[in-house]
Amino acid sequence: MKITLAEIANLINGKLCGDYDENLVITGATGIALAGPSEITFAVDPHLEEAIACNAAAVIIQEDVDGFSKTCIKSKKSSRSFQYFIKYF
């Protein structure tokens, strides 16, 4: 399945943040260490720094995280949002 960042944000009621291309196509979802440049991952503290350094195209994070320097989708319940979204792959 292929889906854009904007479509993912809409699906999980999240907000796109950072330097992003809303039309970027995401081809998969996986863990931080395995994520590639066309995939999305999820992170919570204490893994936020690891997520910033990873190769993922974007990261789903909690909506109250500030100063995240990578393209992300902020969500009220980031873990639940990622679990909901990952079933599409």
Side-chain angles (χ1 to χ4, degrees):
M1 176 179 182
K2 294 180 180 179
I3 189 169
T4 67
L5 278 178
E7 291 169 329
I8 294 169
N10 187 50
L11 266 174
I12 64 171
N13 295 316
K15 179 183 176 187
L16 269 169
C17 298
D19 184 22
Y20 62 87
D21 172 2
E22 66 182 17
N23 296 312
L24 178 66
V25 174
I26 301 299
T27 60
T30 190
I32 294 171
L34 300 174
S38 66
E39 296 175 308
I40 195 165
T41 192
F42 146 80
V44 294
D45 203 22
H47 303 286
L48 294 172
E49 291 300 319
E50 182 183 357
I52 288 170
C54 81
N55 292 323
V59 183
I60 298 174
I61 61 173
Q62 286 292 118
E63 70 178 358
D64 61 352
V65 172
D66 292 320
F68 196 79
S69 61
K70 187 177 190 83
T71 298
C72 63
I73 301 174
K74 291 188 173 188
S75 173
K76 280 186 179 182
K77 298 184 180 197
S78 58
S79 176
R80 187 176 295 166
S81 294
F82 188 72
Q83 290 170 359
Y84 171 79
F85 169 71
I86 202 167
K87 70 182 179 184
Y88 287 94
F89 290 99

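Bear in mind that the values here come from a model prediction, so they are computed numbers and not experimental data.
- Put simply, I73 and V25 are part of two different groups of oily side chains (I, L, V, M, F, W, Y) that touch within less than 4.5 Å, one to the next.
- Applying the ring-ring contact (aromatic ring centres under 6.0 Å, His included) definition to pairs two or more places apart or across chains, none involves residues 21-41.
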> Given the rule in the side chain to side chain contact (heavy atoms under 4.5 Å, CB included) test, do L11 and I3 qualify, once you have shown the distances and angles that lead to the verdict?
Replying inline: CA-CA 10 Å; L11 266 174; I3 189 169; 3.5 Å; yes

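- Looking at residues two or more places apart in sequence or on another chain, you find a side-chain hydrogen bond (donor to acceptor under 3.5 Å, both in side chains) between S75 and S81.
- What you find for T41 and A35 is that their closest heavy atoms are CB-CB, 4.2 Å.
- Under the side chain to side chain contact (heavy atoms under 4.5 Å, CB included) test applied with S38, the options L24, T27, I26 reduce to a single match, T27.
- Note that SG of C72 and CG of D19 are 11.5 Å apart. Values are rounded to the nearest 0.5 Å.
- Evaluation of the side-chain hydrogen bond (donor to acceptor under 3.5 Å, both in side chains) rule for S69 yields no partner, not counting sequence neighbours.
- A single hydrophobic cluster is not seen to contain both L34 and V44; linkage of ILVMFWY side chains at heavy-atom distances under 4.5 Å, directly or through other members, places them apart.
- Atom CD1 in I52 sits 4.5 Å away from atom CZ in F68 (nearest 0.5 Å).
- For E50, the side chain to side chain contact (heavy atoms under 4.5 Å, CB included) partners two or more places apart in sequence, or in a different chain, are I32, H47.
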Return all side-chain donor-acceptor pairs below 3.5 angstrom for residues 55-67, not counting sequence neighbours, or 'none' if the list is empty.
residue, atom, partner, partner atom, Å
Q62, OE1, S78, N, 2.8
Q62, OE1, S78, OG, 2.7
Q62, NE2, K76, O, 3.0

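- With sequence neighbours left out, E7 forms a side-chain hydrogen bond (donor to acceptor under 3.5 Å, both in side chains) with T4.
- Atom CG in L16 sits 8.0 Å away from atom OG1 in T71 (nearest 0.5 Å).
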